[in-house]
Number of protein chains: 2
Amino acid sequence: MTGSRRSSCPVACTLDLIGDRWTLVVVRDLLFGKTRFAELLESPEGIATNILADRLHRLEEAELVERIPSETHRARGSYRLTLRGESLRPVLKAVMTWGLAHLPGTRMPSPPR
Amino acid sequence: MTGSRRSSCPVACTLDLIGDRWTLVVVRDLLFGKTRFAELLESPEGIATNILADRLHRLEEAELVERIPSETHRARGSYRLTLRGESLRPVLKAVMTWGLAHLPGTRMPSPPR
DNA sequence: CGGGATCCGTCTTGATACTG
DNA sequence: CAGTATCAAGACGGATCCCG
């Protein structure tokens, strides 16, 4: 995933940002209220630590996520979606709705709000 | 892209199907009315022939696309979205809407219907 | 010539081990 | 706990080859 802008198409350019198998899973978890690295790791999909770190960095770079460092412990920051990041909710909703309707066996884990 | 189902989450499972940088671009073109291999190749993003063939096969396997062989020329088939494939339209719409709203410089090429 | 398949070098991904 | 380092496996991209 290079992230390079390939065209002026809103679909292709958005996919440059979130078009991979992990980014939207991370966004999903953040939308569901998770904030810490370890929490994000716990999801049943089993994302690897380096992939999670990479995706969080990319999302930060795209200003979809911000990292909030802790004042007490230096290595205990948390991650939150920016407003821009939260605006991905309709995209996630559409993906989730499609999955629920067309992939038997899938179900909602907990309220996405 | 392995395509293996990793969880029961509708988001993660949907991403197993369409979570990469090319699949939704192909679906976009099919929704826009393109039907032939060569047409799909012409898009400004510049997909490689092997990648396009691979994505079409995967989409066929997932029953999102069907290949319709020509009666006259045997090597002149066309591809069309199935009903199931067309049902991805809201997902594509959400992605496109997000891109138009948040990625400056992106614009619609031609009516998506 | 159109519609792919195959080969191959490069870049990305992901599992695991390791560190502050 | 929160990542980084390492390294094998796989995906990408493009050039070419092949077949009707």
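Source: prediction; values computed, not measured. Sequence lines set the chain letters: A, B, ... in the order given, protein chains first and strands last, and positions in each chain run from 1.
Proximity of W22(B) to the phosphate of dA11(D): no side-chain N or O atom is located under 4.0 Å from OP1 or OP2. Within the structure, a side-chain polar atom (N or O) of R55(B) is placed less than 4.0 Å from OP1 or OP2 of dC12(D). Phosphate proximity of dC12(D) to R21(B): absent, as no side-chain N or O sits under 4.0 Å from OP1 or OP2.
In summary, of the residues considered (L59(A), L64(A), L88(A)), a side-chain contact (heavy atoms from CB on, under 4.5 Å) with T23(A) occurs for L59(A) alone.
Remark: T49(B) engages no residue in a side chain to side chain donor-acceptor pair (under 3.5 Å) (not counting sequence neighbours). Every residue two or more places apart in sequence or in another chain was checked for a side chain to side chain contact (heavy atoms under 4.5 Å, CB included) with A38(B), and none qualifies. Applying the side chain to side chain contact (heavy atoms under 4.5 Å, CB included) rule to R67(A) yields the partners E60(A), Y79(A); only residues at least two apart in sequence or on another chain are considered. Residues passing the side chain to side chain contact (heavy atoms under 4.5 Å, CB included) test with E39(A) are K34(A), T35(A), R36(A), sequence neighbours excluded. Applying the side chain to side chain donor-acceptor pair (under 3.5 Å) criterion to S87(B), with sequence neighbours excluded, gives W98(A), H102(A).
Rounded to a whole Å, the CD atom of E45(B) is 13 Å from the P atom of dG14(D). Between the P atom of dA2(D) and the CG atom of L41(A) lies a distance of 9 Å, rounded to the nearest Å. Rounded to whole Å, atom P of dT6(C) lies 10 Å from atom NE2 of H57(B). Following rounding to the nearest Å, L52(A) (CG) and dA15(C) (P) show an atom-to-atom distance of 12 Å. dA2(D) atom C1' lies 11 Å from atom CG of L56(A), rounded to whole Å. Rounded to an integer number of Å, the gap from NZ of K34(A) to P of dC1(D) is 14 Å. In this structure, I47(A) places its CD1 atom 10 Å from C1' of dG14(C), rounding to the nearest Å. Atom CG in D20(B) sits roughly 13 Å away from atom C1' in dT13(C) (whole-Å rounding).
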Measure all distances between protein nitrogen or oxygen atoms and nitrogen or oxygen atoms of nucleotides 16-20 of chain C, and list the pairs falling under 3.5 Å.
none

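Looking at S7(A) and E45(B), their side chains do bring a donor and an acceptor atom within 3.5 Å of each other.
A salt bridge links R21(B) with D16(A): the closest approach of a Lys/Arg side-chain nitrogen to an acidic carboxylate oxygen falls below 4.0 angstrom. Remark: R89(A) engages E86(A) in a salt bridge, criterion side-chain N to carboxylate O under 4.0 Å.
Distances from the side chain of R36(A) to the nucleotides dG2(C), dT13(C), dA2(D) place dA2(D) closest. Distance from the side chain of A38(A) is smallest to dC1(D) among dG14(C), dC1(D), dG4(C).
Contact check of residues 59-68 of chain A against DNA chain C (heavy atom, cut-off under 4.0 Å) returns no residues at all.
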